[in-house]
Amino acid sequence: MSGIVGFMGKRKAQPILLDCLDRLDYRGYDSAGIAISNLEGVEIRKTKGRIKDLRDVLLREPVPGGQLGIGHTRWATHGQPCAINAHPLTGCDARFIVAHNGIIENYPQLKKELEQEGHIFKTETDTEVIPHLLEQHDTGDFEETVRLVLPMLKGTFALAIMSQASPDTIIAVSQDNPLILGFGKGETFLTSDIPAILTYVREFYPIKNGEMAILTPEKVSIKTVTGDVLIPKRIVVDLNPQDVMLNDYEHYMLKEIFEQPKAIEETLAGRLSEDMVYLPELEEVWSEEKVQNLRKIDIVASGTSFHSGIIGKRVMEQLLGIPVAVSLSSEFLSEHPKLDEHTLVVFLSQSGETGDTLSALREAKKYGCSTIAITNTAGSTISRKAECTVFTKAGPELAVASTKAYTSQMAVFTALAIWLAQKLGGTGCAQIPDLIKSLARLKQDVESTLIMTQDAIDQFAQVIYDQDHIFLIGRGLDYVLALEGALKLQEVAYIHADAYAAGEMKHGTMALITPGVPVIALATQHQLLDKTISNIKEVKARDAFVIGITTVGDSLVGEVVDEVMYIPSTHPFLMPVLAAIPLQLLAYYSGTVRGHDVDRPRNLAKSLTVH
Ligand code: M6R
């Protein structure tokens with residue numbers, strides 16, 4: 001994925017575009033570029049690397065003046081990360097300048113046709129067909145030309161387009177790929193993600209499929225692609241600009257790990273009483289009768305959100321007593337379970353923009369399923385397309401590795417399961433009072449976990465940072481959490497980490513256990529403790545170095561491991577929220593001691609809008 005920004009106003013565009021790109025570079029950071037118009041023409045600068053490299057290019061080759069322009073930070077999908085492939089891109093004669101996010105699926109065919117017409121391609125990107133198509137169909141009227149070309153493009157895309165012949169205009173288009181207008185006093189912004197422009201504006205308008213935004217110094221018009229003028233309904237996003245600042249932290253990842261008590265508190269605020277969960281956002285759609293008619297639930301998500309989905313599945317199954325399945329978004333189209341109007345599909349996505357998750361949502365709607373989105377991002381595509389949305393209120397998550405969104409998702413998912421169980425009745429309801437009490441205490445428990453584990457994990461990371469392999473084992477929800485712990489270590493520390501159901505080691509993986517290899521044994525599910533301890537002994541017998549994570553009050557795990565770390569005890573469904581914290585810290589400290597850019601790990605991007 002990539003990020004697009006745009007600015008039009010009375011101030012100099014260059015520093016504003018660079019500032020916005022800096023805040024957006026979690027969407028891609030392998031190359032970057034800007035195009036700025038000084039009303040006589042448009043100048044482009046681009047480079048391989050990150051926004052700081054673009055700043056260096058601009059120091060060497062400044063762009064004179066200019067109060068409007070577009071910028072792009074790229075995560076390569078087609079063509080290597082290099083200056084030539086960086087956006088904005090032009091065609092044969094630089095008449096049109098295009099920044100693109102997404103994939104033009106029919107580009108091979110379009111490219112062939114354009115080459116037959118004599119167009120010469122300079123890059124390996126799918127994007128380059130767009131400026132060539134604009135040249136090919138140029139009517140002399142910028143807006144009309146864009147309107148002619150859009151129907152030729154297949155795929156998901158967000159586009160910011162400029163034209164040498166109309167240097168006072170930016171045209172923006174969004175097709176299943178986010179592009180949002182931000183409105184300030186006498187100035188307009190474009191962004192792929194709201195946090196990038198949050199320090200400038202509070203009022204936004206997400207451009208919808210089939211719409212074009214035409215930005216000129218006089219006004220911003222939203223039109224349908226057939227030319228009808230629309231009146232945009234702006235949304236006001238109430239976020240604190242401090243939320244997107246590093247403040248005293250060295251990295252966003254650490255800041256976001258430490259923001260978890262607040263994220264949990266805000267996510268649950270107003271949703272709990274002593275014995276009930278309230279989700280008013282669902283009340284209008286979900287009558288008691290509709291809940292009673294539910295036959296099954298599917299959960300769909302990617303990456304870390306998928307891991308909280310697996311936990312959600314187990315919680316829902318136990319509370320609701322109806323079948324719950326969980327699928328990876330990228331697998332859902334090819335292998336989805338039977339869907340019908342008695343199926344509820346819950347979509348989990350921090351960003352609300354993950355391409356695979358959105359495709360799965362479209363698929364579920366085709367079958368008449370009910371849909372609920374759980375997302376952290378107001379105004380996101382998923383929140384607009386799902387029947388109902390329950391927001392996590394973790395605040396903007398800017399580090400590529402998801403931390404506070406993950407734990408907030410688990411909290412809100414538990415609340416959703418309780419809310420449905422309240423309407424459904426049944427045997428699972430017996431656990432609800434206890435669970436609600438634990439939810440109400442969760443913020444304090446998260447705070448205590450941070451205090452109890454930070455220093456010990458930091459020291460432990462200094463010991464294991466140079467290991468090539470780490471194993472994480474656990475049973476039940478501890479196993480599911482192990483999957484997430486392994487993902488964090490892989491993406492931030494680049495350590496080969498693998499998670500195993502503790503009882504499965506003996507069926508093959510035990511062959512990989514060599515003397516001294518670190519094994520993290522998660523032992524927070526009391527009802528499974530005896531069996532987990534047996535499995536710990538099995539790896540200890542092969543001389544692994546075992547670090548146990550268990551709850552305060554347990555005296556058994558400490559006796560069989562090399563190092564033990566204690567965390568507070570809560571309801572078993574919520575133990576993964578607490579036990580996630582030492583694993584997040586371990587990934588963070590291992591990543592930093594290995595000298596990695598933990599906020600922007602190699603080859604990754606935060607919001608994956610392509611398939
Ligand atoms: O925004 P989403 O929750 O849909 O993102 C899904 C994954 O891309 C995301 O969780 C990814 O796995 C994170 N980098 C993991 O830390």
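Here the structure is a predicted model, which is why all the values come from computation and not from measurement. For this chain, numbers begin at 1 and follow the sequence in order. For ligands, and for the atoms within them, numbers begin at 1 and follow the listed sequence.
In terms of N/O distances under 3.5 Å, ligand 1 is approached by E491. Every N/O-N/O distance between T357 and ligand 1 stays at or above 3.5 Å. For the pair G352 and ligand 1, the shortest N or O to N or O distance does not fall below 3.5 Å.
Of the heavy atoms in E353, none comes closer than 4.0 Å to ligand 1.
Cation-pi geometry between R602 and Y494 is met: the NZ or CZ atom falls under 6.0 Å from the ring centre, inside 45° of the normal.
Counting atoms of ligand 1 from 1 in the listed order, those under 4.0 Å from a heavy atom of K488 are 15 (C), 16 (O). If you number the atoms of ligand 1 from 1 as listed, the ones under 4.0 Å from a heavy atom of S349 come out as 1 (O), 2 (P), 3 (O), 4 (O). Remark: ligand 1 atoms within the under-4.0 Å shell around heavy atoms of S302 are 6 (C), 7 (C), 10 (O). Of all atoms in ligand 1, numbered sequentially from 1 with element shown, those under 4.0 Å from a heavy atom of A401 are 16 (O). When each atom of ligand 1 is checked for a heavy atom of S402 under 4.0 Å away, the hits are 15 (C), 16 (O). Counting the atoms of ligand 1 from 1 in the order shown, those under 4.0 Å from a heavy atom of S305 are 2 (P), 3 (O), 10 (O).
When the heavy-atom distances from atom 12 (O) of ligand 1 to S329, G303, P601 are ranked, the shortest goes to G303. Considering I374, T354, L358, N376 only, the shortest heavy-atom separation from atom 4 (O) of ligand 1 involves T354.
For the residue pair T524 / D478, a side-chain donor-acceptor distance below 3.5 Å is found, with atom types taken as modelled. For the residue pair T392 and N376, a side-chain donor N or O sits within less than 3.5 Å of a side-chain acceptor on the partner. Checking N85 against Q80 by side-chain atom types alone, no donor-acceptor pair falls below 3.5 Å.
No donor-acceptor pair under 3.5 Å is formed between the side chain of Q409 and the backbone N or O of S308.
Considering OG1 of T127 and CD1 of I104, their distance stands at 6.5 Å, rounded to 0.5 Å. Between atom CD1 of residue I197 and atom CG of residue D19 there is a gap of 11.5 Å, rounded to the nearest 0.5 Å. Interatomic distance, Y500 OH to T509 OG1, rounded to the nearest 0.5 Å: 4.5 Å.
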